[in-house]
Amino acid sequence: NDDDDEEYVVPFKNLTPLLPHESAEGIKQATTTNDVSDQFVQILKEYGDSLLRLGDFSAAIPFYEAALSKSSSSSVQIGSVVLFYPTKERTAIMTAEVDCIDDDQVDLTVLVTPSSSLQQQQEEEITVPLNNICLCLKHDNPSLQQRILMNLSRCLLKLGHMENSPLKNHNKTEERQSRSSSRSKQYFQAAVLGTTLAMAISDVQGQDEATTAMQKKVPTILLLRSSANIELERWKQV
């Protein structure tokens with residue numbers, strides 16, 4: 001929004017050149033290529049990580065989003081393990097295996113995971129719209145998706161805090177402050193979703209070292225999600 005443009009005066013020594021992948025051509029090439037290999041997804045994640053370390057959170061997000069999209073872009077297939085919304089309210093996320101795909105609907109077998117509710121202690125079948133699928137897990141490397149989601153959520157949390165900072169809102173009109181507050185809330189809500197998906201990936205059963213490594217990240221994921229819920233004043237979820 002042009003009304004929200006801001007100008008800053010900074011010392012010249014504080015300026016640094018863009019990284020190679022930050023150029024318009026670099027971003028276009030990275031996010032539009034058809035390469036969906038683990039190697040390229042890892043490269044996209046590293047692009048995002050480099051910007052996260054520099055504190056350029058809004059620039060890092062497109063690379064994390066592209067990495068997630070490509071890691072899931074093998075599309076939903078029969079036998080795939082997916083994370084999905086079971087209801088149209090989209091208030092919960094569950095794990096399931098794809099049984100059948102029919103136009104814009106998909107038949108799933110809901111999997112029992114360590115965090116499943118007491119009411120859901122056996123596998124059940126369910127049919128949901130295809131767009132209720134949040135993420136198709138990579139059967140050979142879901143931990144990569146989990147790490148991407150964690151860093152994406154870190155960026156969203158930082159942006160949410162920046163929108164609320166007194167420095168950013170100093171001398172803003174009431175209308176602009178309201179827009180800034182709305183954006184901040186959206187960032188925190190997105191961070192809750194990102195961390196919830198990362199938690200769900202940890203729930204996928206397995207006995208290998210990768211599964212153990214994913215489960216070790218659970219305390220960090222919970223801290224990130226709690227931070228977002230605190231900002232949203234969702235005390236029960238905290």
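The basis for the numbers below is simple: all heavy atoms, side chains too, and nothing from hydrogens, waters or symmetry mates.
In this structure, C134 and L197 have side chains that are in contact, with non-hydrogen atoms separated by less than 4.5 Å. Looking only at side-chain heavy atoms (C-beta outward), V110 and T95 stay at 4.5 Å or farther from each other. Side-chain atoms of V41 and L144, non-hydrogen and from C-beta on, do get closer than 4.5 Å to each other. Between L156 and I61, some side-chain heavy-atom pair lies under the 4.5 Å cut-off. For the pair V82 and L135, the minimum side-chain heavy-atom distance is 4.5 Å or more. Taking 4.5 Å as the limit, every side-chain heavy atom of M214 sits out of range of all side-chain heavy atoms of M199. You'll find the side chain of K138 reaches within 4.5 Å of the side chain of D38, heavy atoms only. D102 places none of its side-chain heavy atoms less than 4.5 Å from the side chain of D107.
Every residue was checked against the ring-ring contact (aromatic ring centres under 6.0 Å, His included) condition with Y64, not counting sequence neighbours, and none meets it. Residues forming a ring-ring contact (aromatic ring centres under 6.0 Å, His included) with F84 (at least two apart in sequence, or on another chain): none.
Checked by atom type, the side-chain pair Q145/S71 shows a donor-acceptor distance below 3.5 Å. Side chains of D35 and S37: a donor on one and an acceptor on the other come within 3.5 Å.
Proximity of a side-chain donor or acceptor of E22 to a complementary backbone N or O of L19 within less than 3.5 Å is detected. Side chain of N132 to backbone of Y85: a donor-acceptor contact under 3.5 angstrom is found. Side-chain atoms of E97 do not come within 3.5 Å of backbone N or O of L111 as any donor-acceptor pair. Judged purely by atom type and a 3.5 angstrom limit, Q146 uses its side chain to pair as donor or acceptor with the backbone of A198. Using a distance-only test at 3.5 Å, with no hydrogens or angles considered, a donor-acceptor pair links the side chain of S80 to the main chain of Q77.
Contact record, I101 with I78: CD1-N, 4.4 Å, taken as the closest heavy-atom pair. Across all their heavy atoms, A59 and P62 have their closest contact at O-CD, 3.3 Å. A191 and L157 make their closest contact through CB-CG, 4.0 Å (heavy atoms, listed as atom of the first residue, atom of the second, distance). Scanning all heavy atoms of the two residues, the minimum distance from I201 to P142 falls at CG2-O, 3.7 Å. Taking all atoms of both residues into account, the shortest heavy-atom contact from V36 to K70 is CB-O, 3.7 Å. Taking each heavy atom of V192 and A228 in turn, the nearest pair found is CG2-CB, 3.6 Å.
More than 12 heavy atoms of other residues, nucleotides or ligands shown are found within 6.0 angstrom of CG on N14.
Judged as a side chain to side chain donor-acceptor pair (under 3.5 Å), the pairs with a partner in residues 184-195 (not counting sequence neighbours) are, in order, N164-S184. Among residue pairs with one or both ends in residues 148-160, those qualifying as side chain to side chain donor-acceptor pair (under 3.5 Å) are D49-N151, N151-R154; sequence neighbours excluded. Among residues at least two apart or in separate chains, ring pair (Phe, Tyr, Trp, His ring centres under 6.0 Å) pairs with a member in residues 28-56 are H21-Y47, Y47-F63.
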Just distance, no hydrogens or angles: give the donor-acceptor pairs under 3.5 Å from side chains in residues 218-226, sequence neighbours left out.
| residue | atom | partner | partner atom | Å |
| --- | --- | --- | --- | --- |
| R225 | NH1 | T196 | OG1 | 3.2 |
| S226 | OG | L222 | O | 2.9 |

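Between the CD atom in E231 and the CG atom in N229 there is a gap of 10.0 Å [rounded to 0.5 Å]. Going from atom OG1 of T109 over to atom CG of D99 covers 3.0 Å, rounded to the nearest 0.5 Å. A distance of 11.0 Å separates CZ in F188 from CD in E233, rounded to the nearest 0.5 Å.
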Derivation of the side chain to side chain contact (heavy atoms under 4.5 Å, CB included) call for L130 and D103: CA-CA 8 Å; L130 190 58; D103 295 332; over 6 Å; no

Side chain to side chain contact (heavy atoms under 4.5 Å, CB included) evaluation trace for V106 with C100: CA-CA 6 Å; V106 57; C100 180; over 6 Å; no

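Placement of M150 and L137 in two distinct hydrophobic clusters is found when ILVMFWY residues are connected by side-chain heavy-atom separations under 4.5 Å, directly or transitively. Both L152 and M162 are members of a single hydrophobic cluster when ILVMFWY side chains are connected at heavy-atom separations under 4.5 Å.
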